[in-house]
Amino acid sequence: MSNTTLKNQVAVVTGADSGIGKGIAIALAAAGAKVLVNYVHNQKSANEVLAQIEKAGGEAFVFQADVSQEPEVMKMFAAAKDKYGNIDILVNNAGLQKDAKLVDMTLDEWDKVISVNLTGQFLCAREAAREFIKKGVVEGVSKAAGKIICMSSVHEVIPWAGHVNYAASKGGISLMMKSMAQELAPHKIRVVGIGPGAIQTPINKEAWDTPEALNKLLELIPYGRIGKPEDIGNLAVWLASDQSDYITGTTIFMDGGMTLYPGFADNG
Ligand code: NAD
């Protein structure tokens, strides 16, 4: 393999059987990391990600866990440790939407999104941090004892009518990520966020699968194209690597300019 930026490092990627998580798992493996490919329902897709990684000469294994369930998260981290001996990188990616207008939103729809998107990230980050603190910095592997990458969204700053549960989960991730970064920096653990704009995945299929929908979406993207999982994969590799060793406690938006409020481009 030509790119060995993450050689001898182990990464846990949640929700890695689809979309952005899949792109990240493949990119981390291509950079030399050994990857736990987490899935919750779709084992077939997870195995396809594994096959793609192995075909490219990388190393990975698949593991089923629901990130909102504490015992399953603990088993997942134990499995990564058993298999590879240590853990260096967590990509807290798993997430979902249950959209409804505020007045129609059920408590189940609220609870489900908060428990996967926010509580799931807390549970995984806690297990990763426990492991990183125990391990400390390993010379020759990485300058940091560990890296935690939290998948946020442009909706950690852009309000989103019809999605109050999702926007609340991403706003929550922002301050959870910063608070964890503050607490963990003395342990040489970096915690960062990625704020994707519109990335072409199953989660937002209705926003890009017809030319009319895509044109409407592109009005929100000054750079004029929808993002790809590979875009986010490249950023995740960089954020996990020592090249970004001085970055902690901030969200990097990767959104083709969606957070530039394009509605104001012609004077509002
Ligand atoms: P996706 O639907 O393709 O992938 C989501 C993944 O999360 C799937 O693999 C799914 O199985 C997994 N998942 C859901 N619930 C889970 C659970 N309880 N335990 C473990 N895994 C679970 O969507 P995506 O676009 O790839 O989304 C990935 C992340 O990126 C999410 O956190 C999402 O909020 C975020 N995001 C996506 C976009 C976008 O435009 N696609 C933009 C901003 C943020």
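Keep in mind it's a predicted model, so treat the numbers as computed, not measured. Each residue takes its place number in the sequence, starting with 1. Atoms within each ligand, like the ligands themselves, are counted from 1 in listed order.
Ligand 1 has no nitrogen or oxygen under 3.5 angstrom from a nitrogen or oxygen of Ala198. The shortest N or O to N or O distance between Asp66 and ligand 1 is below 3.5 Å. Note: an N/O pair closer than 3.5 Å links Gly197 and ligand 1 by distance alone. An N or O contact shorter than 3.5 Å is missing between Asn117 and ligand 1 by distance. Considering backbone and side-chain atoms alike, Asn93 places an N or O below 3.5 Å from some N or O of ligand 1. Ligand 1 has no nitrogen or oxygen under 3.5 angstrom from a nitrogen or oxygen of Val154.
Under 4.0 Å from ligand 1, heavy atoms of Val67 appear from its side chain as well as its backbone. Only side-chain heavy atoms of Asn204 come within less than 4.0 Å of ligand 1; its backbone N, CA, C and O stay farther off. By the criterion of a heavy-atom distance under 4.0 Å, the side chain of Tyr166, and not its backbone, is placed next to ligand 1. Residue contacts with ligand 1 for Pro229 are absent, since no atom lies close enough (heavy atoms, distance under 4.0 Å). Contacts between Gln97 and ligand 1 below 4.0 angstrom, taking non-hydrogen atoms only, are absent altogether. In Val116, the part holding a heavy atom less than 4.0 Å from any atom of ligand 1 is the side chain. Proximity of Asn38 to ligand 1, defined as any heavy-atom pair under 4.0 Å, is confined to the side chain (atoms from C-beta onward). Counting heavy atoms under 4.0 Å from ligand 1, residue Thr201 touches it through the side chain alone.
Under a 4.0 angstrom heavy-atom cut-off, Met151 registers as being in contact with ligand 1. Taking 4.0 Å as the cut-off, Lys170 counts as a neighbour of ligand 1 on heavy-atom distance. At least one heavy atom of Pro202 sits under 4.0 Å from some atom of ligand 1. Distances shorter than 4.0 angstrom occur between a heavy atom of Ala65 and an atom of ligand 1. The closest approach between a heavy atom of Thr14 and any atom of ligand 1 is not below 4.0 Å.
At distances below 3.5 Å, not a single donor-acceptor pair connects side-chain atoms of Asn93 with backbone N or O atoms of Met151. Ser153 contributes no side-chain N or O that, together with a main-chain N or O of Glu156, makes up a donor-acceptor pair within less than 3.5 Å.
Counting only heavy atoms from C-beta outward, the side chains of Val12 and Val91 never approach each other to under 4.5 Å.
Inspection of the Thr106 and Asp108 side chains reveals no N or O donor paired with an N or O acceptor under 3.5 Å. If you check the side chains of Thr5 and Gln243, you find no donor sitting under 3.5 Å from an acceptor. One side chain, Ser169 or Asn117, offers a donor N or O that lies under 3.5 Å from an acceptor on the other. No donor-acceptor contact under 3.5 angstrom links the side chains of Lys178 and Thr250, judged on distance only. Side-chain atoms of Asp111 and Ser115 form no donor-acceptor pair, as typed in the model, at a separation below 3.5 Å.
When the side chains of ILVMFWY residues are joined at heavy-atom separations under 4.5 Å, either directly or via intervening members, Ile87 and Val35 end up in two distinct hydrophobic clusters. Leu107 is connected to Met105 through a chain of hydrophobic side-chain contacts under 4.5 Å among Ile, Leu, Val, Met, Phe, Trp and Tyr, so both are in one cluster.
The distance from ligand 1 to the heavy atoms of Leu96 drops below 4.0 Å at these ligand atoms: 15 (N).
Among protein heavy atoms, atom 21 (N) of ligand 1 sits closest to Ala94 CB, 3.3 Å. Nearest protein heavy-atom neighbour of atom 1 (P) of ligand 1: Ser18 OG, 3.6 Å. The protein heavy-atom contact nearest to atom 12 (C) of ligand 1 is Gly15 CA, 3.7 Å. Given atom 44 (C) of ligand 1, the protein heavy atom at minimum distance is Ser152 O, 3.1 Å. Protein heavy atom closest to atom 10 (C) of ligand 1, with residue, atom name and distance, is Asp17 OD1, 4.4 Å. The protein heavy atom nearest to atom 43 (C) of ligand 1 is Pro196 O, 3.4 Å. Regarding atom 23 (O) of ligand 1, its nearest protein heavy-atom neighbour is Ile203 CB, 3.3 Å. Among protein heavy atoms, atom 26 (O) of ligand 1 sits closest to Ile20 N, 2.8 Å.
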Inset, instruction - Decide yes or no on side chain to side chain donor-acceptor pair (under 3.5 Å) for Trp208 and Asn204, but give the supporting numbers first. - result: CA-CA 7 Å; Trp208 52 260; Asn204 54 4; 2.9 Å; yes
Legend entry - Check against salt bridge (charged side-chain N to carboxylate O under 4.0 Å, His left out), Lys216 and Glu219: CA-CA 5 Å; Lys216 193 156 182 288; Glu219 288 173 17; over 6 Å; no
Inset, instruction - Start with the C-alpha gap between Ser244 and Lys147, add the side-chain angles, then the distance that decides, and say whether side chain to side chain donor-acceptor pair (under 3.5 Å) holds. - result: CA-CA 10 Å; Ser244 63; Lys147 284 84 56 160; over 6 Å; no
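Relative orientation of the Tyr84 and Phe61 rings is perpendicular, given thresholds of 30° and 60° on the angle between their planes.
If you look at Tyr39 and Phe63, their ring centroids are not closer than 6.0 Å.
Rounded to the nearest 0.5 angstrom, Lys55 NZ and Ile26 CD1 are separated by 11.5 Å. One distance of note links OG1 of Thr201 with CD1 of Ile20; it measures 5.5 Å at 0.5 Å rounding.
In the candidate list Ser115, Gly95, Gly19, Gly95 is nearest to atom 5 (C) of ligand 1, counting heavy atoms.
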